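Model, not experiment: these values are computed from the prediction. Residue numbers count from 1 along this sequence. For ligands, and for the atoms within them, numbers begin at 1 and follow the listed sequence.
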Amino acid sequence: MLAEPSPFPHQGPLEPEQVRGRDHLVADLVARVTSRRVTALVGPRRYGKTSLLRRVAAEVAAGGASVVWVDLYEATSTADLARRFDSALAEARGPVGGTLAAIAARFDLQLGLLGVQLSRRRDERPDPEASFDSLLETLVAGARQTPTVVVVDELPGIDRVEGAAGLLRTKLQHHVQEIGLIFAGSQPSLMRAMFTERSRPFYAQADLVEIGPFSAAAIAEIVTDGFDSTGRDAGDLPGRIHDFTGGHPYRAMQAADAAWRCVAPGSEPRPDTWGRALELLRGETNLACDAIFSGFTTGEKATLRLMAHDDALFGTAAEALSLSAGSARHAVDALVGSGDVVDSDRGRRLVDPVLADWIRRRFPR
Ligand SMILES: Nc1ncnc2c1ncn2[C@@H]1O[C@H](COP(=O)(O)OP(=O)(O)OP(=O)(O)O)[C@@H](O)[C@H]1O
Ligand SMILES: [Mg+2]
């Protein structure tokens, strides 16, 4: 018998119709791109940025606009960037597709083939910089002809390639009234820096919109609906899941899935259900947490240990870990920069509640 599919998907970005609890944000982003306000969606890793943008893209596409989706995850070179834009243009959704192909032909480009062409012998290979330039020209010209929304996910990928952000900015700057533009990226402080530092090409070019954790009400609705739709009663689990995850979207879905697997169809949670779900979740994430933790520097590890226990970063607990004030400061900056730690109104905390829980268990006080 096939296993019953979980109502709490948590493998990678979701399909547009699976996006839950973000109705206001979806409506806001759709209104923004429709009225051509350049927007940068900022939030920690696994907060649902890509899923949300897929939903926004689906809604604008349903309204008749075209969508070009560029993914710059870990882009490494101009050739790599050119390849990403080439496939984005080749896979454009909606009426702009044909327009783009026709414009590209004027530049001697056949969309979708650049990857192959760039892997030819050196003397037969197109120049990556010229190709990148032509692709951007094509994108802008095409998007000006028919209502188009351009989504650039993982924008900080462009930052690693010298001069690329400046070129993108130059190509786009006179056309932001005509093209719906939305950027997203996973390193919140780098994203913010790209749009708020004077020295950066995109300085003051976009409104920053934050994607936050799920509210307790959103989790209650998502969890209750998922249990109801599969003939189960969620009981007190929504509150438990919110308390444990602090609303971290990916971790909340993972915890909801673990809890759901502990409740048989047609029944409701028992007093030990949450405890069993937590053991399941921990068992499935221990190795990954170990791997994540071992990737930090010594100073960052000590800092994370103190933060996970809500201990001060100076004083006795810090001394016991040989963490100097200077190293702690340095580590906090790096951790905020990488999006592993956030400054919130409740103080600084680890973004990932499952990693925090693992650290507390692995390094008890
Ligand atoms: N609105 C949502 N409804 C339900 N689940 C969500 C939602 N947003 C995020 N999730 C959960 O988080 C997971 C990760 O979502 P997604 O890949 O869109 O996040 P991201 O912010 O783009 O992550 P990354 O930083 O890795 O790019 C999803 O698989 C899902 O489990
Ligand atoms: Mg993403």
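Note that CD of E300 and CZ of F293 are 10.0 Å apart. Values are rounded to the nearest 0.5 Å.
The protein non-hydrogen atom at the shortest distance from atom 6 (C) of ligand 1 is L14 CD1, 3.6 Å. With hydrogens left out, the protein atom closest to atom 7 (C) of ligand 1 is F214 CZ, 3.7 Å, a heavy atom. Nearest protein neighbour of atom 26 (O) of ligand 1, counting heavy atoms only, is R46 NH1, 2.4 Å. Counting only heavy atoms of the protein, atom 25 (O) of ligand 1 lies nearest to S186 OG, 2.8 Å. Of the protein's non-hydrogen atoms, G48 CA, 3.4 Å is the one closest to atom 8 (N) of ligand 1. In terms of protein heavy-atom proximity, atom 3 (N) of ligand 1 is nearest to R20 N, 3.0 Å. The shortest contact between atom 18 (O) of ligand 1 and any protein heavy atom is with S51 OG, 2.5 Å. Among protein heavy atoms, atom 11 (C) of ligand 1 sits closest to Y250 CA, 3.7 Å.
Side-chain contact, R37 with T39: no donor N or O sits under 3.5 Å from an acceptor N or O. Checking S324 against S327 by side-chain atom types alone, a donor-acceptor pair falls below 3.5 Å. No side-chain donor-acceptor contact under 3.5 Å links S6 and W260. With 3.5 Å as the limit, one finds no donor-acceptor pair spanning the side chains of Q117 and R120.
Pairs of residues two or more places apart, or lying in two chains, that qualify as side chain to side chain donor-acceptor pair (under 3.5 Å) and include a residue from residues 156-168 are D159-R200. The list of side chain to side chain donor-acceptor pair (under 3.5 Å) pairs with a residue in residues 56-72, not counting sequence neighbours, reads R55-E59.
Heavy-atom proximity to G12, at under 4.0 Å, picks out these atoms of ligand 1: 17 (O), 28 (C), 29 (O). Every atom of ligand 1 is numbered from 1 in the order shown, and the set under 4.0 Å from a heavy atom of R22 is 1 (N).
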May I have the list of side-chain donor-acceptor pairs in residues 102-114 shorter than 3.5 Å, sequence neighbours left out?
none

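The six-membered or imidazole ring of Y47 lies away from that of Y250, with a centre-to-centre distance of 6.0 Å or more.
Taking the centre and axis of the six-membered ring of F363, the NZ or CZ atom of R305 falls inside the cone set by 45° and 6.0 Å.
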* Step-by-step side-chain hydrogen bond (donor to acceptor under 3.5 Å, both in side chains) determination, N286 to R361 -> CA-CA 10 Å; N286 277 337; R361 286 182 291 123; 3.1 Å; yes

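Listed by chain and number, the protein N, O or S atoms at a distance under 2.8 Å from the Mg ion (ligand 2) are T50 OG1.
In this structure, P9 is part of the shell of residues with a heavy atom less than 4.0 angstrom from ligand 1.
When non-hydrogen atoms are compared, ligand 1 lies under 4.0 Å from neither the backbone nor the side chain of Q254.
Here atom 27 (O) of ligand 1 lies nearest to E154 when heavy atoms of E154, M253, K49 are compared.
Atom CD of E129 is surrounded by 12 or fewer heavy atoms from other residues, nucleotides or ligands within 6.0 Å.
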